[in-house]
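In this text, all values refer to a predicted model and were calculated from it rather than measured experimentally.
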Amino acid sequence: ASVLNNRGVDALVAGRWDESCARFEESRAARRRAGDIVGMAQCGHNLAEVRTEQGRYAEAESYLREARRIWRASGYAMGVAAATNTLGRTLARTGRADEGVALLRDAQRRFVDLGHGPFLAETEARLAEALVFAGRPSEAQAVLAALDDRAHEGGPPVAALARRMEGTLAALGGDPSAARALLEEARHIADKGGVEWESALASLELARLDDVSTPESEFLRHHAVAVLARMGIDGTKVLPPARGVPTLVG
């Protein structure tokens with residue numbers, strides 16, 4: 001089970017997400033056979049993280065509720081906080097934004113109590129995203145202002161997400177120049193850290209800016225669609241809908 005899980009992580013980092021999920025599923029089944037229910041929940045949480053990034057929210061929610069129930073019963077505080085974090089993000093993206101925000105604020109408090117800076121930064125970046133999905137931009141801006149440079153504690157995926165949300169908010173506020181600078185920075189952070197999907201999502205946001213030329217917009221979309229399709233990500237589901245998401249054509 002451990003070897004299969006590690007192979008899943010390796011495939012995930014390499015961008016082979018279908019293979020990654022297959023290994024996580026196999027690891028989860030092996031944990032169940034071995035009677036390692038807490039470890040089984042970890043594999044389920046790994047699967048849910050990928051499915052949420054892909055926009056496959058029903059699957060993610062099922063795994064997350066199971067993991068949270070198991071970890072709560074076993075007294076695994078870090079696991080409960082992590083599952084609450086990811087479940088909040090999942091629900092926020094499915095139109096249940098207020099419920100998602102409440103869960104993310106719960107996870108935020110848990111990570112403060114646990115003193116875990118990287119997971120706290122991740123939770124706060126996801127909270128800002130959830131508030132954008134909820135149509136509460138001023139609250140999202142306040143969360144990002146409080147997060148500030150601590151976003152880098154969560155690594156490139158969190159730093160890129162935080163900067164992308166800042167760019168999204170600037171675009172919503174009618175400042176395409178600031179939005180472009182922030183989204184370009186998000187792409188730079190993601191590219192440097194090997195976070196392909198975040199770079200592609202920032203490219204889609206850039207493509208929608210009013211001051212982007214048609215050729216540049218088409219180039220950005222074409223590149224982003226290719227990356228997202230390879231990773232099984234539905235860009236129409238994972239970006240905030242406030243300004244409309246273009247239909248992705250492979």
Quick one: OG1 on Thr84 to CG on Leu64, what's the gap to the nearest 0.5 Å? 9.0 Å

Should the pair Glu61-Arg51 be classified as a salt bridge under the 4.0 Å nitrogen-to-oxygen rule? no

Could you check whether any side-chain N or O of Ser20 sits under 3.5 Å from a backbone N or O of Gly8, counting only pairs where one atom can act as donor and the other as acceptor? yes

Within one Ile-Leu-Val-Met-Phe-Trp-Tyr cluster: Met40 and Val80, side-chain cutoff 4.5 Å: yes

With hydrophobic residues grouped by side-chain heavy-atom distances under 4.5 Å, do Val158 and Phe119 end up in a single group? no

When rounded to the nearest 0.5 angstrom, what is the spacing between CH2 in Trp17 and CZ in Phe24? 10.5 Å

Rounded to the nearest 0.5 Å, the CG atom of Leu120 sits from the CD atom of Glu153 at a distance of 8.0 Å

Group every Ile, Leu, Val, Met, Phe, Trp and Tyr by side-chain heavy-atom contacts under 4.5 Å, then state whether Val38 and Leu47 land in the same group. no

So, are Glu216 and Arg180 salt-bridged, with charged N and O less than 4.0 Å apart? yes

I need the minimum non-hydrogen distance between Gly88 and Leu103, along with the two atoms involved. CA-CB, 3.7 Å

Distance col, row Glu205:CD vs Leu239:CG, nearest 0.5 angstrom, shows 5.0 Å

No-hydrogen, no-angle side-chain donor-acceptor test under 3.5 Å, Thr123 and Asn85: yes

Distance in Å, Glu196 CD paired with Leu228 CG, rounded so as to fall on 0.5 Å steps: 9.5 Å

Quick check: does any side chain N or O of Ser62 sit under 3.5 Å from a backbone N or O of Glu59, one acting as donor and the other as acceptor? no

The single option from Leu209, Asp210, Thr214 passing side chain to side chain contact (heavy atoms under 4.5 Å, CB included) against Val212: Leu209

Is the closest basic N to carboxylate O distance between Glu198 and Arg187 below 4.0 Å? no

Any salt bridge between Glu49 and Arg126, counting N to O under 4.0 Å? yes

Any ion pair linking Arg109 and Asp113 (charged N to carboxylate O, less than 4.0 Å)? no

dist Leu104:CG -> Thr86:OG1 (nearest 0.5 Å) comes out at 8.5 Å

Does a salt bridge link Arg163 with Glu166, judged by any charged N lying under 4.0 Å from a carboxylate O? yes

Solution key, residues 142-152 side-chain donor-acceptor pairs under 3.5 Å, sequence neighbours excluded:
residue : atom : partner : partner atom : Å
Arg150  : NH1  : Glu124  : OE1          : 3.2
Arg150  : NH2  : Glu124  : OE1          : 2.7
Arg150  : NH2  : Ala146  : O            : 3.3

Is the side chain of Thr52 donor-acceptor paired with the backbone N or O of Ala48 at a distance under 3.5 Å, no angle test? yes

